[in-house]
Structures are given as C-alpha cells and as structure tokens.
Amino acid sequence: MKILGIESSCDETAAAVVKDGSRILSSVVSSQLDVHGKYGGVVPELASREHLRAITAVVRQALQQAGVNWSDLGAVGVTQGPGLVGSLLVGMTYAKAICFSRGLPLVGVNHIEGHIHAVAMEAADALQYPALALVVSGGHTHLFEMYEGSRYRLLGRTRDDAAGEAYDKVGKLLGYTYPGGPILDKLASYGDPQAVRFPRAKMKGNALDFSFSGLKTAVLRWVESHDMQAEIAVRRELGKAEGQSSLEKWLAVTPKATLDLIASFQFTVIRELLEHAEAAAELIGARGLVVSGGVACNGGLRAAARSARLPYAVFFPQPALSTDNAAMIAAAAFPKFERGELASMGLKASASLALA
Ligand code: KG4
Ligand code: ZN
C-alpha cells in the first residue's frame with residue numbers, strides 16, 4: 001500500500017512516497033530558505049507563492065524517484081494544519097485535485113503527528129507504550145503522552161515562543177542568517193555553556209508548559225550591556241554577502257565571549273526541554289521518549305539526552321526526517337487510512353489544528 005504524502009505547512013514544499021507506513025520509496029524537499037533568508041524569517045505571502053511554483057515538480061519528482069505511477073498509489077496524505085493557511089491551501093488543493101481526478105482516497109494529517117511519525121516509522125518495533133513525544137520545531141514545542149494506535153494526550157506546550165523560534169530570534173539578534181538554529185548549534189560547541197547563567201523560566205499553572213521568551217529577552221539584555229553592535233554588523237554583512245555561510249567563516253567573526261553566550265543559551269534551552277521531558281516521563285511512567293521536529297537535529301540536545309542515562313529508550317529521527325518533510329506525513333496517513341479515517345473534498349486547512 002503506497003501513500004503519496006504532501007507537505008506545505010511552512011517554507012518547505014515536500015512530497016514523498018511511503019510503502020506500508022514505514023518504507024520510504026522517495027522523499028523530495030524543496031526549501032525556500034533563499035527566498036526568506038534575507039527577511040530573517042518566513043514571509044507568509046512569499047511562502048504560498050513559492051509553494052505554487054514548486055509543487056507540481058516536487059510531486060512529479062517524488063513519483064519518479066519512487067518508480068511509481070499514479071495507478072500504483074493507494075491514497076494521498078496531506079498536511080491539514082497547523083501552519084500558515086495560505087501555504088497549507090496550496091498542498092491541500094493540489095492533493096484534493098489528485099484525489100478527485102484519480103479517484104484516490106484523501107487523508108488529512110496533523111503536521112505535529114507527522115513529526116512524531118518521523119520517529120515512529122523508524123522505531124515502530126522498538127517503541128514501547130505509554131511513550132512520551134517531545135515535538136520541538138520552529139512552530140511547536142509540545143509534550144504528548146502517546147499510546148498505541150496513534151492516540152495522544154497533551155501534557156504541556158510552550159506559552160510563547162517555540163524552541164526553534166527562540167533559536168531563530170536569538171540568531172537574528174546576534175547577526176546570523178535565518179534559520180539561526182543550525183548555526184547556533186554548531187557554534188555552541190566552541191563556547192562555555194556555564195559562562196552566562198540564565199535563570200529557569202518560572203511557570204505558574206501547568207509545570208510541564210514551556211516558555212522561551214524570557215530567555216530571548218535575557219539574551220537581548222546581555223547583548224545591550226556588552227557593546228556588541230560592531231561584531232553583529234560584521235556578521236550581518238557576511239550573511240548579506242554569502243547567505244548561509246560556512247562554519248569557519250562564522251567562527252572567524254564570532255569572539256569567544258559570544259561563543260560563550262551562544263553555548264549558555266543552548267544549555268538553557270536544552271535544560272528546559274529535558275527537565276520537562278524527564279518530569280513528564282516520570283509522571284506517566286513512560287517506556288520510551290520520542291524527540292522530533294527541526295530542533296531534534298540539535299547536536300547538544302542529542303548528546304544531553306544520551307548522557308542523561310534515562311531509564312527508558314530515547315528515539316531521535318535521522319536529521320533529514322527531523323525537519324519538515326512529506327515522508328512523515330505519508331507515514332502518519334497510513335494508520336489513519338487503515339482505520340478508515342478518510343477526508344472529504346471539504347477538508348479545511350487549519351492554522352491551529354490541535355492534535356490532542
Ligand atoms: O520542523 P521544522 O523544519 O519546521 C517547523 O515545523 O517549524 O523546524 C525548523 C526549526 C527552525 O526553527 C530551525 O532553526 C530549527 O528547527 N533547527 C534547529 C536545528 N536545526 C533546525 N534548532 C536547533 N539546532 C539545530 N541543529
Ligand atoms: Zn515541522
């Protein structure tokens with residue numbers, strides 16, 4: 001049973017063919033980084049326009065790479081939300097048109113569930129339930145209790161910025177190109193994570209909720225009180241000239257004190273993520289922890305989770321499946337298809353679609 005997955009919730013146009021929910025036959029991702037990079041973040045109108053431009057070629061390439069025809073497909077799975085509505089609409093309209101013209105069933109997929117399936121499809125046999133899912137990306141920071149059969153209970157979520165958003169905002173503040181996450185992650189390993197002591201976020205109410213805006217403001221205050229404008233201007237110029245520059249070039253324009261600041265920022269983000277995940281795991285008696293979403297690429301987070309010696313297995317997706325892709329959408333569509341959870345042509349895009 002082969003499912004074509006289509007993903008267009010943010011700034012990646014993606015299509016993939018996945019067999020039986022776990023065997024990836026193809027996964028094509030067309031990124032819009034070059035378009036949004038110079039604005040320091042995703043510009044929604046430009047994103048939908050770029051999706052329109054890319055989608056036909058991306059879907060065609062996914063079918064070609066998988067070596068399949070339309071008639072080999074059993075269903076189309078498409079991201080319904082959460083995400084940018086204009087962007088979601090492009091993928092959804094395209095998916096509906098395929099289903100209508102080819103007589104294929106349509107499955108609407110929650111993007112966050114897709115991220116969880118990026119791990120679940122690789123770890124299907126090893127994962128034991130109840131499991132905990134930590135989804136950390138540019139748009140989401142959510143903790144779910146996860147039971148067999150794709151059932152979820154929300155345990156905590158960010159009250160303000162998502163973890164990846166905090167990386168991107170701090171990256172922009174310090175003069176690096178968008179997205180800040182990957183470059184700050186690399187630079188962090190050259191700094192001292194204990195150099196700047198950022199406080200823990202104080203949380204009223206649900207102690208499993210997250211907050212990253214206070215940390216972002218603390219970094220801003222640190223920058224304002226440390227005369228960093230000249231070095232930041234140099235980095236902005238480098239970004240304008242080269243876009244995503246090499247690590248060596250960024251290192252050359254990043255003094256030790258700034259590397260220490262970045263390492264301390266990363267340490268604080270990871271501490272918040274892992275402390276909450278550990279508390280939640282204890283609360284539900286988790287037998288496994290799944291970490292997914294763009295921030296799951298983070299080397300520091302992976303190393304910290306490994307060295308924490310947790311009493312349950314921890315699963316990260318391979319980096320290519322951590323960030324937005326359509327293989328995870330096709331994988332998440334498979335169990336829904338099997339349960340008969342098909343969508344009608346009236347399926348609506350939802351900017352804030354909840355998973356649980
Ligand atoms: O999952 P994703 O591709 O898109 C969303 O659903 O948001 O995640 C993108 C986010 C961006 O904020 C990016 O900065 C962050 O993931 N990211 C990272 C790393 N790689 C990507 N953050 C920290 N460390 C990384 N290595
Ligand atoms: Zn995502």
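We count ligands from 1, going down the list as the structure has it; atoms in each ligand are counted the same way.
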I'd like to check [X] versus [Y] (side-chain heavy atoms, cut-off strictly below 4.5 Å). Are they in contact?
| X | Y | answer |
| --- | --- | --- |
| Phe210 | Asp161 | no |
| Thr217 | Arg221 | yes |
| Ile232 | Leu173 | no |
| Leu174 | Leu261 | yes |

Which protein non-hydrogen atom lies closest to [atom], naming both residue and atom, and how far is it?
| atom | answer |
| --- | --- |
| atom 22 (N) of ligand 1 | Gly181 CA, 3.4 Å |
| atom 2 (P) of ligand 1 | Asp324 OD1, 3.4 Å |
| atom 9 (C) of ligand 1 | Gly138 N, 3.8 Å |
| atom 20 (N) of ligand 1 | Gly294 O, 3.4 Å |
| atom 26 (N) of ligand 1 | Asp185 OD2, 2.9 Å |
| atom 12 (O) of ligand 1 | Asp168 OD2, 2.7 Å |
| atom 24 (N) of ligand 1 | Asn298 ND2, 2.9 Å |

Report, in ascending order of atom number, the atoms of ligand 1 lying under 4.0 Å from any heavy atom of [X].
| X | result |
| --- | --- |
| His115 | 1 (O), 6 (O) |
| Val295 | 16 (O), 18 (C), 22 (N) |
| Cys297 | 20 (N), 26 (N) |
| Thr323 | 1 (O), 3 (O) |

(message) Among Glu7, Glu50, His51, exactly one meets side chain to side chain donor-acceptor pair (under 3.5 Å) together with Thr13. Which residue is that?
(response)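 When Glu7, Glu50, His51 are each tested with Thr13, the side chain to side chain donor-acceptor pair (under 3.5 Å) holds only for His51.
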Heavy atom of [X] under 4.0 Å from ligand 1?
| X | answer |
| --- | --- |
| Lys186 | no |
| Gln266 | no |
| Pro182 | yes |

(message) Using 2.8 Å as the threshold, say whether any N, O or S atom from His140 sits that close to the Zn ion (ligand 2).
(response)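 It does not: His140 brings no N, O or S atom closer than 2.8 Å to the Zn ion (ligand 2).
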(message) Restricting to N/O/S atoms, is Cys10 within less than 2.8 Å of the Zn ion (ligand 2) or not?
(response)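 Short answer: no, not a single N, O or S atom is under the cut-off.
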Looking only at N, O or S atoms, find the one in [X] nearest to the Zn ion (ligand 2) and name it.
| X | answer |
| --- | --- |
| His111 | NE2 |
| His115 | NE2 |
| Asp324 | OD1 |

Evaluate [X] for polar contact with ligand 1, using N/O atom pairs at a separation under 3.5 Å.
| X | answer |
| --- | --- |
| Gly299 | no |
| Gly164 | yes |
| Gly139 | yes |

(request) Could you tell me which non-hydrogen atom of Leu155 sits nearest to which non-hydrogen atom of Phe144, and how far apart they are? (result)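 That would be CD1-C, 4.1 Å.
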(request) Could you label the plane-to-plane angle of the His111 and His115 rings as parallel, tilted or perpendicular, counting under 30° as parallel and over 60° as perpendicular? (result)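 Plane angle over 60°, so perpendicular.
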(message) Is the ring pair Tyr176/Trp250 parallel, tilted or perpendicular, if the boundaries are 30 and 60 degrees?
(response)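 Judged by the thresholds at 30° and 60°, the geometry between Tyr176 and Trp250 is perpendicular.
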Salt-bridge criterion met for [X] and [Y] (N-O under 4.0 Å):
| X | Y | result |
| --- | --- | --- |
| Asp260 | Lys256 | yes |
| Glu165 | Lys169 | yes |
| Asp72 | Lys2 | no |

(request) Please round to the nearest 0.5 Å and tell me the distance separating atom CE of Met121 and atom CE of Met328. (result)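 The distance works out to 8.5 Å.
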(message) Can you confirm whether the side chains of Thr323 and Glu12 place a donor and an acceptor under 3.5 Å from each other?
(response)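 Side-chain D/A pair, Thr323 to Glu12: absent.
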